[in-house]
Amino acid sequence: MAKHAPQYYENLNYFNNQLNHLMSVHGTKQVDLVNALDIPKTTINGYVKGTSLPNMGNLQKLADYFNTLKSDLDLRFKKDADEQIDILPVYNQLTDIRKHKVYSYAKQQLDEQTDNLNEHRSIYLVGSSAAGLPLDYGDLDAELIDLSNIPAKADKAIHIKGDSMEPKIANNSIIFYHEQPTLEIGEIGIFEINGSAVTCKKYYVDYESKKIVLKSINPKYEPMYFNGDQVRILGKVVF
């Protein structure tokens, strides 16, 4: 059995305690995490028993599921979150040429951050989408609305009804999506079902049965299976 540094066991104990606490508070079982997050049962079991730490991808899935920060679950990220970066002492020691390089890079990062959220613009709100069973909608009646903090890639907005995508997407919230005909596995999308209903779900494919699988985040909802010709991807949800 491999030996680890004392810090590893401290991290392991902290993660185990935090995970089990959140599972207890939310009434979550191991099978709920397996089904919702697509993490193998043996891996989840190791997390719950305190025999292993998650990789970054699985940690992010767990944090999203419980609507918390990675640093609240794992000490490896808590230190980074708690530390306040004071860049000025380092910046002031740089030569003028290097200061200019730092400024140019920081400005580029700020511009990219600003581009992700537009301060205020109009967007079409195209009816409602179910976060549960598909919601009948007929022809989506589009209404032009003004909103703040609209993601730059958003093409349309839609009203979510239901709790199947909680905690990430709340009931009665307005979300945004980018119109596109395809999705990557695990991405959240807006889907037209049988040409007469629309729903918001995570996208998966069962390659054995050749079915499209639409999964909720809320573990109380079962996955929905459809033939390929029953589902049309309207777009990808953007945040």
Side-chain angles (χ1 to χ4, degrees), residues 26-29 31-39 57 60-68 116 122-145 147 149-239:
H26 292 276
T28 304
K29 299 178 180 179
V31 67
D32 297 329
L33 296 178
V34 171
N35 292 334
L37 305 181
D38 288 319
I39 298 175
Q60 186 64 63
K61 288 181 180 180
L62 289 164
D64 289 343
Y65 181 87
F66 290 110
N67 196 27
T68 189
N116 286 334
S122 297
I123 193 168
Y124 279 103
L125 177 66
V126 288
S128 299
S129 170
L133 295 176
L135 183 71
D136 289 335
Y137 70 97
D139 293 325
L140 288 176
D141 294 325
E143 173 190 2
L144 191 63
I145 58 173
L147 291 174
N149 295 331
I150 298 174
K153 292 184 179 180
D155 296 313
K156 288 189 173 79
I158 196 162
H159 181 210
I160 293 297
K161 292 184 178 179
D163 64 351
S164 74
M165 297 303 284
E166 291 184 346
K168 192 170 186 65
I169 300 175
N171 181 28
N172 284 325
S173 62
I174 292 177
I175 63 170
F176 308 95
Y177 67 94
H178 172 65
E179 292 180 307
Q180 60 184 63
T182 60
L183 289 172
E184 298 292 332
I185 298 299
E187 288 184 328
I188 300 175
I190 303 297
F191 304 89
E192 180 186 85
I193 308 298
N194 293 321
S196 61
V198 67
T199 190
C200 175
K201 289 287 182 283
K202 296 183 76 173
Y203 174 78
Y204 294 92
V205 176
D206 185 331
Y207 293 102
E208 290 188 7
S209 65
K210 297 182 180 179
K211 298 280 189 180
I212 291 177
V213 187
L214 302 183
K215 294 186 178 182
S216 302
I217 294 176
N218 190 331
K220 76 178 184 181
Y221 290 90
E222 295 293 328
M224 299 187 295
Y225 293 80
F226 298 95
N227 294 323
D229 59 359
Q230 292 180 286
V231 178
R232 181 166 71 96
I233 298 171
L234 299 179
K236 174 184 173 181
V237 174
V238 292
F239 298 95

Which atoms form the tightest heavy-atom contact between [X] and [Y], and what is the distance?
X	Y	result
Ser216	Met165	CA-SD, 3.8 Å
Ile174	Ala157	CG2-CB, 3.9 Å
Thr182	Gln180	O-NE2, 2.7 Å
Asn171	Gly162	OD1-N, 2.7 Å
Pro151	Phe239	CG-C, 3.7 Å

Residue pairs meeting salt bridge (Lys or Arg N to Asp or Glu O under 4.0 Å), one or both in residues 170-190, sequence neighbours left out, come to Lys156-Glu179, Glu187-Lys236
Would you give the length of the straight line joining atom [atom1] of [X] to atom [atom2] of [Y], rounded to the nearest 0.5 angstrom?
X	Y	atom1	atom2	result
Ile175	Ile188	CD1	CD1	8.0 Å
Lys202	Ile185	NZ	CD1	11.0 Å
Ile160	Ile169	CD1	CD1	5.5 Å
Leu37	Tyr65	CG	OH	7.0 Å
Thr199	Met224	OG1	CE	4.5 Å
Lys201	Leu183	NZ	CG	14.0 Å

When Tyr203, Tyr225, Phe191 are each screened for side chain to side chain contact (heavy atoms under 4.5 Å, CB included) with Ile212, the one that passes is Tyr203
Test item: side-chain donor near acceptor, Asn67 and Lys168, under 3.5 Å | no
Report yes if the side chains of [X] and [Y] come closer than 4.5 Å at any heavy-atom pair, otherwise no.
X	Y	answer
Ile158	Leu234	no
Glu192	Val231	no
Leu33	Leu62	yes
Asn35	Tyr221	no

Across all chains, not counting sequence neighbours, the side-chain hydrogen bond (donor to acceptor under 3.5 Å, both in side chains) partners of Lys61 are none
Q.
Strictly distance-based, threshold 3.5 Å: is any side-chain N or O of Asn218 a donor or acceptor partner for the main-chain N or O of Asp163?
A. yes
Residues passing the ring-ring contact (aromatic ring centres under 6.0 Å, His included) test with Phe66, sequence neighbours excluded, are His26
